[in-house]
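This report refers to the structure that appears directly beneath it.
Here the structure is a predicted model, which means the values were calculated and not measured.
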Amino acid sequence: MKAWNGAHRRWVLGGAAGLTAAAVAVIALVTSGGSTDTRIPPTRARAYTEQQACLLTPDSGIAQAAASQVWGGLQDASAKTHAKVSYLAVAGEQSAGNAAPYLATLAARKCTVVLTVGAAPEGAVALNSDKFPKTHFLVVEDGTGTSPGRAPSGQNVTALSPAGNTDQDSNVRSRVASAVESALHG
């Protein structure tokens, strides 16, 4: 009798395992629709390029009206070029010397183009742009007349002078977007 129970148990377990495997195969076939199409659906997220456009601002960041206009232009340029965009605010004393490490941080992040708004970031570019020859600097003058004594210059520096006060000039956004696109493609 014991031999019969052991054999019976093996038949029952073997049959149950076979039925389970068949059920899993049928469910897999039904849920896949029977299709063998292995194409990957298009991505919903934006695919970024290796290029980066970075903004260096005074301590108020993009809350400042001038920086807000420039940030909007960066986002517009990113939508067209698929470059990554980011910003960094200079904390503490608003001087060229204090802004220099922040500028170096953006260059170390391998930002393709670095935009600056405000006297301290602009002063940091004037003092340090030659240290980062692979980075293009776009100095957006804020129209307040608070520029440092030494104007930024160099082959990798471009100044974007506002047509008016950047706090009110809605054209700044489109001018920044065009300048960033040119810098990224040039």
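- Residues Phe137 and Tyr87 do not share a hydrophobic cluster, clusters being chains of Ile/Leu/Val/Met/Phe/Trp/Tyr side chains in contact below 4.5 Å.
- The heavy-atom pair separating Gln64 from Ser60 by the smallest distance is CB-OG, 3.3 Å.
- The two residues Glu93 and Asn98 come nearest to each other via the heavy atoms O-ND2, 2.6 Å.
- When all heavy atoms are compared, the tightest approach of Gln94 to Pro58 is OE1-CA, 3.3 Å.
- With sequence neighbours excluded, the residues satisfying salt bridge (Lys or Arg N to Asp or Glu O under 4.0 Å) with Lys80 are Glu181.
- Leu88 places none of its side-chain heavy atoms less than 4.5 Å from the side chain of Cys54.
- Residues Gln69 and Val176 are not in side-chain contact: their nearest non-hydrogen atoms beyond the backbone lie 4.5 Å or more apart.
- Cluster membership for Leu160 and Val70, using ILVMFWY side-chain heavy atoms within less than 4.5 angstrom, is shared.
- Minimum interatomic distance between Leu127 and Ala96 (heavy atoms only, all atoms of both residues): CD1-CB, 3.7 Å.
- Here the side chain of Ser178 pairs no donor or acceptor atom with the backbone of Arg175 at under 3.5 angstrom.
- Scanning for side chain to side chain contact (heavy atoms under 4.5 Å, CB included) contacts around Ala179 gives Leu138, with sequence neighbours left out.
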#### Entry: From CA spacing to verdict: side chain to side chain contact (heavy atoms under 4.5 Å, CB included), Leu55, Val85
CA-CA 8 Å; Leu55 173 62; Val85 294; over 6 Å; no
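- Closest of all the heavy-atom pairs between Phe132 and Asn156 is O-ND2, 3.0 Å.
- Checked by atom type and distance alone, the side chain of Ser78 never pairs as donor or acceptor with a backbone atom of Leu74 at under 3.5 Å.
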Which donor-acceptor pairs under 3.5 Å do side chains of residues 99-118 form with protein atoms, sequence neighbours excluded?
| unit_1 | atom_1 | unit_2 | atom_2 | d |
| --- | --- | --- | --- | --- |
| Tyr102 | OH | Ala91 | N | 3.4 |
| Thr105 | OG1 | Pro101 | O | 2.9 |
| Thr112 | OG1 | Gln52 | N | 3.1 |

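- Closest of all the heavy-atom pairs between Ala177 and Asp76 is CB-CB, 4.0 Å.
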